[in-house]
Novice: 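Sharing a structure with you now.
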Amino acid sequence: MDFKANEKKWQKKWDEEEKFKAIDFSDKQKYYILVEFPYPSGTGLHVGHTPSQIAMDIIARKRRAEGYNVLYPIGWDAFGLPTENYAIKNGISPIKATATNVENFTRQIKSLGISFDWSREINTTAEDYYKWTQWIFLQFYKKGLAYKATANINWCPNCKIGLSNEESEGGVCERCGSATVQKPKTQWMLKMSEYSEKLLQGLDETNYWENIKTMQRNWIGKSSGTLLHCKLESGEGFDVFTTCIETVFGITYFVLAPEHELVEKLKDKIKNYDEVKAYIEKTASKSEFERSQMLKEKTGCVLEGIYAINPINGKKVPVFIGDYVLAGYGSGAVMAVPTHDQRDYDFAKLFSLPMIEVVSGGDVSTQAFEKADYLGKGCRLINSGEFNGLTVEEAKDALNSYLEKNGLGEKINTYKMRDWVFSRQRYWGEPVPIVHCEKCGHVPVPDDQLPVTLPKVESYKPTDDGESPLSLITDWVNTTCPHCGGKAKRETDVMPNWAGSSWYWLRYMDPHNDKEFASFDKIKYWDKVDLYNGGGEHVTRHLLYARFWHKFLYDNGFVSNSEPFDRRVQQGIILATDGSKMSKSRGNVVDPMKYVMEYGADVTRIAHMFMGDYCETKPWREDVFKPCERLLNRIVALGEKVDKNISTQNKFILAQSIKKVSEDIEGLKFNTAVSQIMVLTNALEKMEKISEEDFKVLLSLACPFAPHTAEELWQEKGFEGRVDDKWPTFNEKDLVENLVEIAVQVNSKIVTKIMIDPTQSQEEILDIVKADDIVKNAISNKEIVKEIYVPKRIVNIIIK
RNA sequence: GCCGGUGUGGCGGAAUGGCAGACGCACGGGACUUAAAAUCCCGAGGUGGCAACACCGUGUGGGUUCGACUCCCACCACCGGCACCA
């Protein structure tokens, strides 16, 4: 068969008959499969995209054959830096570049025979899409969850440009290689922290892989502890957060983050303010890179003349600032107990500060005796006044109630997860739909004026002060206030790349709706994404952002379910053939289209799946293409052996294959599913003639992997209907072979192998085994202590 | 440092606690061919042996069990994520 010609033929036919169109409100049970939509880069489809698209296509095709109404959509996550940079460099508009790339991607994906419902194609850069991205942003704004605040951006002092985290990995500018610094800038933020607990709890409602849940839990980083209300000698109050309130008697000093508001307030009382100021400035100018270099090396500065009172015992202790205390976590201040916290210990050594041991059972002469060392070991408090003698666990409770009763503290939870910096100083993104009016302040653009479209300028340049390129397009920036009609300026920041992907699965449900982002009825019908496939790198980014938006929409009555995705799975990363990372700069990127051209889509699809475990990281291999091509050719050749007049002689292997292939597809074990198709093919090849049933089962099982060839052979043989009309089933009783070889062990060593009828009773089988000459010989004159029979597998006779 | 994951022939990889190495690749031998490619058949974990066979084998060391790649404990190596989170 000419695979390639055949593939074109079927792809055209599928297109014409809209075979893969998902039907809203169909009576069939719905099944929603989602792959992360690609970023249409200029380099075309690569092997980072193809395995997941093929794998999910296999599941989609199986589900359709099983009678489901499958939604398997595709679209483009097209805002982003590469396109913007490409556009700047070549002086063409990103819109044009995107259109070209999308066209290219579409052609490539279609050539693989992926059964996407193209009628639902979306593009995050289309005005009728980002209109709704902006609309959702405004819902956040109206609920007080979008606000402006000063946050740091990665700034390259050499290029004079703000960089994304990806562009400044390791604290180095991707463009020029110089060290980046943190530059404060007023930016839009989304109050994601408010959803910490909901995002954490919601994981229990999902069927994500356990490791994905764990990663998100760690990222959210909940910890329970005590907020201790403290006072300075001079009366000013401040809070510290601690998870070890049992050590409160061991406080010998406090440390504030350099950015702590109290420092500025105390300016006049701090005797060494010059020194303090210098330290603060030094901290601020430290780049991410420097900070990571300095890791664990403590620095700090005492606030001379400032003392704080330990609320538990009224003791007066000094106050420091130190950059090991993070402004953004807890209350930005810590109580320091050097005996029971290694960081405090290091700091105390540096400044020769006193130490008080308050939990017994450790040795604090050379290092701290930390909570990981003492928790759950029955250690008791010392040097802690009336709390002496309590175990750590008892002391926690006792101290918390004492503090609460006396208004000195309360139990709280804190989270590592921060609010989301939602501004980018870029061109190619969704404009933030806010207008700045001198009189009215921030004014949201009214719904009927959405979308705020990007100005279609011929060229634009990055600014040299860190502002968005949009700020230079004055025609666009100057506008009128929707509220008072006076002069106003548009917000020039755009949204981050993650915005468009934070709700796209909802748009697929109703992609052409111009009244709402998607109708509630359709959202209710399609419900959760049943199976969501994506990359591991998105677990703490996109996947978390998406859940956040979805939960917000749920809380405001726009969607029907509080979690967007039911099952989340990950494909393994494909490495270069030598096991190194694939990258453009190394020039080792594999182009899957090369294989489609050489072998055709079906062989390429099977080869992708046969390469190894779908979920494991693995190098790309070429040596799987030949055997997969051979497999297809052998299946084609088997067609010649089909004899209408015979019935199957292969009940067992057919049943076994249906079971194995079905289960393996469900379990994402595509490699072993292919193996089983090979096993079945091998078995059928050994036959002189095969029945129609034999061949039909083979084609049906092969269809998700090699749909074009399966369709064609089905038609060629004149079988009824289409190959994927139904998924084959089997009878349990066919799974039982009438003769099985079992191993016979004496004292757990194999002595022989015997053919038995597995339907016989254990007694009968043991009798047959013991009648065997070799076995007889092995157990002669010995006492049989125990006999073990594992059905269809093994007999073990224990003798003494 | 913390949290995940992985470790099996020359290679990719299979194995509900039950015959380790399915299915393939590469390899060797053979058939077809003037020859090659393609295709087909046979062989094959390692060591020793002409052989039957024996011994050794799933990162390392222990343990549980009639029986362990699989379960438990300790450790090593590699990969991924987080990382001064109070």
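So that the names make sense, note that chain A is the first sequence line, chain B the second, and so on, each numbered from 1.
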Novice: Given the P atoms of B:G9 and B:G1, what is the spacing between them in whole Å?
Specialist: 29 Å
Novice: When you compare B:U64 with B:U70, how far apart are their P atoms, in angstrom units rounded to a whole number?
Specialist: 15 Å
Novice: Map A:Y329 and A:E741 onto RNA chain B by nearest heavy atom, then report which one ends up closer to the 5' terminus.
Specialist: A:E741
Novice: Just name whichever nucleotide pairs with B:A35, Watson-Crick or G-U, keeping both distances under 3.5 Å, else none.
Specialist: none
Novice: Indicate, with a heavy-atom threshold strictly under 4.0 Å, whether A:T617 touches base, sugar-phosphate, or nothing.
Specialist: nothing
Novice: Does A:G250 offer a backbone N or O that forms a donor-acceptor pair with the side chain of A:T247 under 3.5 Å?
Specialist: no
Novice: Check this for me: does the side-chain of A:K416 come within 3.5 Å of the base of B:C82 through a donor and an acceptor?
Specialist: no
Novice: Do the side-chain N or O atoms of A:S223 get closer than 4.0 angstrom to the phosphate oxygens (OP1, OP2) of B:A86?
Specialist: yes
Novice: Under 4.0 Å between a side-chain N or O of A:R630 and OP1 or OP2 of B:U39?
Specialist: yes
Novice: Whether A:E210 and A:R217 form a salt bridge (side-chain N of Lys/Arg under 4.0 Å from carboxylate O of Asp/Glu) is what I want to check.
Specialist: yes
Novice: Mind checking the P distance from B:U47 to B:A36? Whole angstroms is fine.
Specialist: 31 Å
Novice: Hey, does A:E210 reach any base, or is it just sugar-phosphate, or nothing, if we go heavy atoms under 4.0 Å?
Specialist: nothing
Novice: Determine which nucleotide pairs with B:G4, using a 3.5 Å limit on both distances of a Watson-Crick or G-U wobble pair.
Specialist: B:C79
Novice: Using the C1' atom on both, measure B:G67 against B:G59 and round to a whole Å.
Specialist: 23 Å
Novice: Quick check on B:C3: is either OP1 or OP2 less than 4.0 Å from any side-chain nitrogen or oxygen of A:N211?
Specialist: no
Novice: Does the ring centre of A:Y415 sit less than 6.0 Å away from the ring centre of A:Y329?
Specialist: no
Novice: For the C1' atoms, the ones on B:A26 and on B:C76, what distance do you get once it is rounded to whole angstrom?
Specialist: 31 Å
Novice: On a whole-Å scale, what distance lies between the P atoms belonging to B:A77 and B:G24?
Specialist: 38 Å
Novice: A:Y532 ring centre to A:R568 NZ or CZ under 6.0 Å, with the angle to the axis within 45°?
Specialist: yes
Novice: How many angstroms lie between atom CD1 of A:I653 and atom NZ of A:K686, to the nearest 0.5 angstrom?
Specialist: 9.0 Å
Novice: At less than 3.5 Å, do the side-chain atoms of A:D623 and the base atoms of B:C25 form a donor-acceptor pair?
Specialist: no
Novice: B:C55, OP1 or OP2 - any side-chain N/O from A:K749 closer than 4.0 Å?
Specialist: yes
Novice: Heavy atoms only, 4.0 Å cut-off, all strands: where does A:I750 land among base, sugar-phosphate and nothing?
Specialist: sugar-phosphate
Novice: Can you tell me, in whole Å, how much space there is between the P of B:A51 and that of B:U60?
Specialist: 29 Å
Novice: At under 4.0 Å, does any side-chain N or O of A:R217 touch on OP1 or OP2 of B:C82?
Specialist: no
Novice: Does A:E537 reach a base, just sugar-phosphate, or nothing at all? Heavy atoms under 4.0 Å.
Specialist: nothing
Novice: From the set B:C84, B:C3, B:A86, return the single nucleotide nearest to any side-chain atom of A:F241.
Specialist: B:A86
Novice: Counting only side-chain nitrogens and oxygens, does A:N682 get under 4.0 Å of the OP1 or OP2 atom of B:G24?
Specialist: yes
